[in-house]
Q: 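Input: one structure, supplied below.
Keep in mind that this is a model prediction, so the values were computed, not measured.
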Amino acid sequence: MAPLPDSRATRPGPRRRLRRGLAAGLATTVLGTLAAVLPAAAAHAAPARLVYVTNLRGNSVTAYDPATRTAVATVPVGTFPEGVAVSPDGARAYVANDGSDSVSVIDTASNTVTATVPVGRQPGPVAVSPDGAHAYVGRTWAASSARAPAAWT
């Protein structure tokens, strides 16, 4: 008689699932925090490329020109900015502010904050839909909340 398969061998336990989830969330946050690249010029001209990087302790986002390796602008945002994503048309950058439970919306043409959207506790990674109609905000840790990640148009 063959032994019965161990159910733990085919399905990870709660600790492994938690570790995998935390690792995936951390990777998304780190990749989102490192930079978001967008065209900074009008579509009819050869677009200059800017890189937006969050300054966690500086409560700001810095726009860099990688061609000249210089900072173009530093934009004050909420506290502890962690993630940044840019709309497909390059018109807006969305910054998740972990310390102030909000997302700052940056107009990339003027490099100013045009809106601050409250999204709930500990926002983390940010993503923009391919059509630019929605921005999605992940929650770094939402075990105490039954609410889903925020989305707006």
Side-chain angles (χ1 to χ4, degrees), residues 14-153:
R15 279 187 164 177
R16 180 172 284 167
R17 285 192 303 262
L18 178 62
R19 276 192 302 235
R20 285 181 182 170
L22 289 175
L26 178 62
T28 303
T29 300
V30 168
L31 291 175
T33 300
L34 289 177
V37 180
L38 70 135
H44 64 278
R49 305 291 286 177
L50 294 182
V51 177
Y52 281 74
V53 179
T54 59
N55 304 312
L56 182 68
R57 300 276 184 218
N59 301 328
S60 63
V61 173
T62 301
Y64 289 96
D65 181 348
T68 62
R69 296 182 182 184
T70 58
V72 175
T74 298
V75 182
V77 293
T79 56
F80 295 108
E82 284 194 347
V84 61
V86 178
S87 62
D89 63 2
R92 292 169 306 283
Y94 298 91
V95 181
N97 303 305
D98 184 34
S100 53
D101 300 333
S102 65
V103 170
S104 297
V105 182
I106 298 174
D107 175 358
T108 59
S110 63
N111 283 319
T112 58
V113 174
T114 58
T116 301
V117 181
V119 293
R121 288 193 60 198
Q122 298 179 314
V126 183
V128 182
S129 63
D131 63 0
H134 301 280
Y136 298 93
V137 180
R139 305 272 294 280
T140 304
W141 184 255
S144 63
S145 173
R147 291 178 30 196
W152 69 90
T153 56

Q: How close do R139 and R121 get, counting heavy atoms only, and between which atoms?
A: NE-O, 2.7 Å

Q: Just to verify, which of V137, V117, N97 counts as forming a side chain to side chain contact (heavy atoms under 4.5 Å, CB included) with S102?
A: N97

Q: Which pair of heavy atoms, one from G120 and one from D101, lies closest together, and at what distance?
A: O-CB, 3.2 Å

Q: CZ of R92 to CD1 of I106: how many Å apart, nearest 0.5 Å?
A: 12.5 Å

Q: Taking distance alone, no hydrogens or angles, what donor-acceptor pairs closer than 3.5 Å link side-chain atoms of residues 69-76 to residues at least two apart or in another chain?
A:
from	atom 1	to	atom 2	distance (Å)
T70	OG1	T68	OG1	2.7
T74	OG1	T62	OG1	3.4

Q: From T54 OG1 over to D98 CG, what is the distance, rounded to the nearest 0.5 angstrom?
A: 11.0 Å

Q: Please find the pair of heavy atoms, one from A85 and one from V128, that lie closest to each other, and give the distance.
A: CB-CG2, 4.1 Å

Q: Got a donor-acceptor contact below 3.5 angstrom from the S104 side chain to the V113 backbone?
A: no

Q: Scan T114, T108, T112 and name whichever one has a side chain to side chain donor-acceptor pair (under 3.5 Å) with S110.
A: T112

Q: For A93 versus V84, what's the shortest heavy-atom pair and its separation?
A: CB-CG2, 4.4 Å

Q: Grab the two heavy atoms, one from S129 and one from D131, that are nearest each other, plus how far apart they are.
A: OG-OD1, 2.6 Å

Q: Provide the closest heavy-atom pair for S100 versus G78 in the form atom of the first, atom of the second, distance.
A: OG-CA, 3.5 Å

Q: Taking the side chain as C-beta and beyond, is there a heavy-atom pair between V95 and Y52 under 4.5 Å?
A: no

Q: Could you list the residues that satisfy side chain to side chain contact (heavy atoms under 4.5 Å, CB included) with N59, not counting sequence neighbours?
A: T79, P81

Q: If you define the side chain from C-beta out and look only at heavy atoms, does anything of L50 sit under 4.5 Å from D65?
A: yes

